[in-house]
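Contents: one structure, followed by commentary.
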Amino acid sequence: MNYWLVKSEPEAYSWADFLRDDGTAWTGVRNYQARNNLNLMQPGDQVLFYHSVSEKAVVGLAEVAAPAAPDATAEAGSPWVAVALRPVGPLARPVALAALKADARLAELALLRQSRLSVLPVRPDEFDLIMALGAA
DNA sequence: GCCAACGTTGGC
DNA sequence: GCCAACGTTGGC
């Protein structure tokens with residue numbers, strides 16, 4: 001079991017949209033490093049859902065429903081892939097970026113080190129801590 | 001709205 | 001193969 005974090009601008013595709021759709025194909029990733037992370041995802045992996053830009057908080061938990069497959073929104077023959085994600089549930093309390101930065105135990109969190117990457121790995125200890133911070 | 005970080009493109 | 005120019009992302 002591995003842990004990940006995906007980012008979405010809520011104005012483009014929000015957690016509420018994700019719940020409404022009861023999951024979605026995570027298409028549109030056009031960065032090789034992010035793609036490599038998508039390729040490493042396995043069904044059942046847990047995925048933190050992060051709202052970037054306007055909210056800057058982890059808002060929910062998703063899981064991988066299907067592994068990487070060619071991204072249907074990309075040109076045929078292109079290297080881009082998508083995984084299927086399904087919602088697990090919202091965090092009782094969103095965990096703000098500021099809270100992540102404030103916790104010394106998250107100093108190595110990939111999100112903080114590579115703020116522009118949209119699909120990031122999360123260590124098990126980091127995942128547990130973020131889930132604890134997001135619990136009621 | 002600005003700017004830093006960083007990936008990509010294209011000229012040489 | 002290098003590097004300047006440029007575009008995009010995302011925090012502030």
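We name chains A, B, ... by the order of the sequence lines, and we start the count at 1 in each one. Not measured: the values here are computed from a predicted model.
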Listing request: all side chain to side chain donor-acceptor pair (under 3.5 Å) pairs with a residue in residues 72-82 of chain A, at least two apart in sequence or in separate chains. A:Arg30-A:Thr73, A:Asp71-A:Thr73

When the side chains of residues 18-26 of chain A are checked against the rest of the protein, which donor-acceptor pairs come out under 3.5 Å, sequence neighbours left out?
unit_1, atom_1, unit_2, atom_2, d
A:Arg20, NH1, A:Asp17, OD1, 3.1
A:Asp21, OD2, A:Tyr13, OH, 2.6

List the atom pairs, donor and acceptor, that lie under 3.5 Å between side-chain atoms in residues 43-61 of chain A and the rest of the protein, sequence neighbours left out.
unit_1, atom_1, unit_2, atom_2, d
A:Asp45, OD1, A:Asn2, N, 3.0
A:Asp45, OD2, A:Trp4, NE1, 3.0
A:Asp45, OD2, A:Gln42, N, 3.0
A:Gln46, NE2, A:Gly44, O, 2.9
A:Gln46, NE2, A:Glu63, OE1, 3.2
A:His51, ND1, A:Glu55, OE1, 2.6
A:His51, NE2, A:Trp15, N, 2.9
A:Ser54, OG, A:Glu11, OE1, 3.3
A:Ser54, OG, A:Glu11, OE2, 2.7

Hits for side-chain hydrogen bond (donor to acceptor under 3.5 Å, both in side chains) against A:Asp125, two or more places apart or cross-chain, chain-then-number order -> A:Arg123

Please list, in numerical order, the residues of residues 26-38 of chain A that have a heavy atom closer than 4.0 Å to any atom of DNA chain C.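 Nucleic-acid contacts, sorted: none.
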
Could you work out, with side-chain contact (heavy atoms from CB on, under 4.5 Å) as the rule, every residue matching A:Arg93, not counting sequence neighbours?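 Listed in chain order: nothing, the list is empty.
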
Name all residues meeting the side-chain contact (heavy atoms from CB on, under 4.5 Å) criterion together with A:Pro79; count only those two or more places apart in sequence or in a different chain, and write none if there are none.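 Result, side-chain contact (heavy atoms from CB on, under 4.5 Å) vs A:Pro79: A:Tyr32, A:Arg35.
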
Do any side-chain atoms of residues 112-121 of chain A form donor-acceptor pairs under 3.5 angstrom with protein atoms, and if so which ones, sequence neighbours left out?
unit_1, atom_1, unit_2, atom_2, d
A:Gln114, OE1, A:Gln33, NE2, 3.3
A:Gln114, NE2, A:Gln33, OE1, 3.1

For nucleotides 6-12 of chain C, give me one character per nucleotide, 5' to 3': B if any protein heavy atom sits under 4.0 Å from the base, S if the only such contacts are to the sugar-phosphate, - if neither. -BBBSSB

